[in-house]
Asker: 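The structure under discussion is supplied below as structure tokens; questions concerning it will follow.
Quick note on labels: first sequence line is chain A, next is B, and so on, each numbered from 1.
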2 protein chains.
Amino acid sequence: MRSYGQYCSVAKALDVVGDRWSLLLVRELLAQGPSRYTDLRRGLPGIATNLLAQRLRELEQAGIVTREHAPPPIATALFSLTPRGEQLKPVIEELGRWGIPLMAETTPQEEYRSYWLSLPVELFLAHDSSQHVATTIEVRAGEQPMLIEARDGAITTRPGTSEHADAVMSGPPQLVLGVLTGALDAEEAAAEGFRFDGDRDALERLRPQRLAIS
Amino acid sequence: MRSYGQYCSVAKALDVVGDRWSLLLVRELLAQGPSRYTDLRRGLPGIATNLLAQRLRELEQAGIVTREHAPPPIATALFSLTPRGEQLKPVIEELGRWGIPLMAETTPQEEYRSYWLSLPVELFLAHDSSQHVATTIEVRAGEQPMLIEARDGAITTRPGTSEHADAVMSGPPQLVLGVLTGALDAEEAAAEGFRFDGDRDALERLRPQRLAIS
DNA sequence: CAGCATCCGCTTTGATACTG
DNA sequence: CAGTATCAAAGCGGATGCTG
């Protein structure tokens, strides 16, 4: 991209990561960790393959991404964030926070990846560690099940299922997210295809307060 | 801009403010407050006039900017941020924070506006209100002098000069910023055209800690 | 198959000129 | 002052093909 040519740190940041797809590419590496070229393509539906290659080169030159030839078990190269690249996390978070009200609307054509859930979960859920009640919720929305796990005051997400989850939520991503953040009532959502099985309190334990999504 | 078509709040935020110039336009309105079309052009050197008009329309439609016909004293329309637009401030701040290391380099062709100083000042300076020493520093870099004022635990900036400033800093923006953030020593900087007159302690009072700019 | 490069049509941007 | 109009250049999206 052509530089803005301004001696301003915002403009200079945008000179580096302001290109189309650049910040979403960083989002993918933040959410997924070291990824293969093909993984990145799957997480960036709609990107032209040559553009992905070009962005990776540019971000590599800017010191944000590194390309490593993984050790023998893996036959392919892996792309990762450098420490400098990981420092973009607050930028992604604030953008994501600002974008939350926009999540109230969606269309059937919109793409969704289940691990994108991890950002809103980190932003909006918290665990009251004083309760000392470890909690696991399985979320079935998108292409693979995800687990939200809370213990010792920390909340984490990862792909997977659990035999002894406290609760299982499933349905369209919009409804699942709405119920998770508290913008939507589980009963209302049920009428549109949302399901909640298990312990209702499990969810309440993760919600410090109700948030408006719209 | 064409939508990313993803059900992700980061992607949806970028659908709205990810266009070229959009976030810099928000920066201008954050830093300058309600502005005329011409003010915005001056603060966005390099933007094509048709693009500025187009971005203003788009951001107006998105509920980020409002156009108001100002009361009689002012003959022209003013553009302002809506509350929703002001909520972009954390996004701008995090981008600006991430971009600070990039400020170590500059070229003579780069444009600079003195009020752009207010962002780094808000980010990096603080005032120990326990000291109860009100402090004023005049900064002469760019097209107009600026005042950095600290009192009652708050730091503010505004254009202007002061008869009784505790100190006056002047020189190229890069050196002034370097000394302000503590990345540069006033003595080193002096060799390259930086000047500091007045009370050295005035600056120290505003610097909670030294920060690396490079 | 993973990781690109090339080509082509379309959209966005930049520069300049012009207008109420 | 506050834009619109025009046009060339750059960027992007999609398809395809090449290489280990």
Asker: Take Gln54(A) and Arg42(A), find for each the nucleotide of DNA chain C with the closest heavy atom, and name the residue whose nucleotide sits nearer the 5' end.
Answerer: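 Nearest nucleotide further toward 5': that of Arg42(A).
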Asker: How is Arg67(A) classified with respect to the nucleic acid when contacts are heavy atoms under 4.0 Å: base, sugar-phosphate, or nothing?
Answerer: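 The residue Arg67(A) makes sugar-phosphate contact but no base contact.
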Asker: So for atom CZ, which belongs to Arg195(B), do other residues, nucleotides or ligands contribute more than 12 heavy atoms lying within a distance under 6.0 Å?
Answerer: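 Counting neighbours around CZ of Arg195(B), 12 or fewer heavy atoms of other residues, nucleotides or ligands fall under 6.0 Å, so no.
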Asker: Can you confirm whether Gln144(A) is buried at CD, in the sense that more than 12 heavy atoms of other residues, nucleotides or ligands lie under 6.0 Å from that atom?
Answerer: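 Check passes, neighbour count above 12.
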Asker: Write down the distance between CG (Leu51(B)) and C1' (dA10(D)), rounded to a whole number of angstrom.
Answerer: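 Atom CG in Leu51(B) sits about 13 Å away from atom C1' in dA10(D).
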Asker: Within the structure, does a side-chain N or O atom of Arg20(A) lie under 4.0 Å from either OP1 or OP2 of dT12(C)?
Answerer: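 For Arg20(A), the contact criterion (side-chain N or O under 4.0 Å from OP1 or OP2 of dT12(C)) is not met.
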Asker: Taking only the side-chain heavy atoms of Phe79(A) (C-beta and beyond), determine which of dC4(C), dG14(C), dA5(D) contains the nearest atom.
Answerer: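 The answer is dC4(C).
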Asker: Count the heavy atoms belonging to other residues, nucleotides or ligands that lie under 6.0 Å from CD of Glu86(A), then report whether that count exceeds 12.
Answerer: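 More than 12 within 6.0 Å, yes.
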Asker: Could you check whether Thr38(A) gets within reach of a base, just the sugar-phosphate, or nothing at all, counting any heavy atom under 4.0 Å?
Answerer: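 Sugar-phosphate: the residue Thr38(A), judged by heavy atoms under 4.0 Å, touches backbone atoms but no base.
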Asker: Grab the CZ-P distance between Arg55(B) and dT4(D) for me, whole Å please.
Answerer: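 Going from Arg55(B) (CZ) to dT4(D) (P), I get 14 Å.
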Asker: Between the base of dT13(C) and the side chain of Asn50(B), is there any donor-acceptor pair under 3.5 Å?
Answerer: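 Check fails, no donor-acceptor contact within cut-off.
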Asker: Between dT4(D), dG13(D), dA2(C), which one does the side chain of Arg36(A) approach most closely?
Answerer: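 It is dA2(C).
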Asker: Side chain of Arg2(A), heavy atoms from C-beta onward: which of dC4(C), dA15(C), dG3(C) has the nearest atom to it?
Answerer: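 Nucleotide nearest to Arg2(A)'s side chain: dA15(C).
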Asker: Any Lys/Arg nitrogen of Arg42(A) or Glu28(A) sitting under 4.0 Å from an Asp/Glu carboxylate oxygen of the other?
Answerer: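 Salt bridge flag = no for Glu28(A) with Arg42(A).
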Asker: Apply the salt bridge (charged side-chain N to carboxylate O under 4.0 Å, His left out) test between Glu60(B) and each candidate in Arg67(B), Arg55(B), Arg84(B); give the one that qualifies.
Answerer: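 With Glu60(B) as partner, Arg67(B), Arg55(B), Arg84(B) yield a single salt bridge (charged side-chain N to carboxylate O under 4.0 Å, His left out), made by Arg67(B).
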Asker: Using the ring of Tyr4(A) (Phe, Tyr or Trp, six-membered ring only), decide whether Arg20(B) places NZ or CZ under 6.0 Å from its centre and within 45 degrees of its axis.
Answerer: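 Judged by the rule (NZ or CZ under 6.0 Å from the ring centre, within 45° of its axis), Arg20(B) counts as positioned above Tyr4(A).
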Asker: Please tell me which of the listed nucleotides, dT16(C), dA2(C), dT13(C), lies nearest to the side chain of Asp19(B)?
Answerer: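 Ranking dT16(C), dA2(C), dT13(C) by closest atom to the Asp19(B) side chain puts dT13(C) first.
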Asker: Can you check the Leu44(A) CG to dG3(C) C1' distance for me, whole Å?
Answerer: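 The answer, rounded to whole Å, is 15 Å.
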Asker: Is the phosphate of dG11(D) approached by Trp21(A) (side-chain N or O, under 4.0 Å from OP1 or OP2)?
Answerer: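 Answer no for this pair, as no side-chain N or O of Trp21(A) is under 4.0 Å from OP1 or OP2.
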Asker: Expressed in angstrom and rounded to an integer, what is the separation of Glu58(A) atom CD from dG11(D) atom C1'?
Answerer: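 Answer to the nearest Å: 11 Å.
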Asker: Would you mind reading off the distance between His69(A) atom NE2 and dA2(C) atom P, rounded to a whole angstrom?
Answerer: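 From His69(A) NE2 to dA2(C) P: 15 Å.
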Asker: Rounding to a whole Å, what distance do you find between Tyr37(B):OH and dG20(C):P?
Answerer: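 Taking OH of Tyr37(B) and P of dG20(C), I get 17 Å after rounding.
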Asker: Rounded to the nearest angstrom, tell me the gap between atom CG in Leu52(A) and atom P in dA5(C).
Answerer: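 So the two atoms are 11 Å apart, to the nearest Å.
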Asker: How long is the line joining CZ of Arg41(B) and C1' of dG14(C), in whole Å?
Answerer: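 Going from CZ in Arg41(B) over to C1' in dG14(C) covers 12 Å.
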Asker: With the side chain of Arg57(A) defined as its heavy atoms from C-beta on, choose the nearest nucleotide among dG14(C), dG3(C), dA5(C).
Answerer: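 For Arg57(A), the side-chain atoms sit closest to dA5(C).
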Asker: Taking the minimum atom-to-atom distance to the side chain of Ala53(B), which one of dA5(C), dG13(D), dT4(D) wins?
Answerer: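 From the listed options, dT4(D) comes nearest.
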Asker: 5'-most contact on DNA chain D: Ala48(A) or Thr49(B), nearest heavy atom basis?
Answerer: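 The residue closer to the strand's 5' end, by nearest nucleotide, is Thr49(B).
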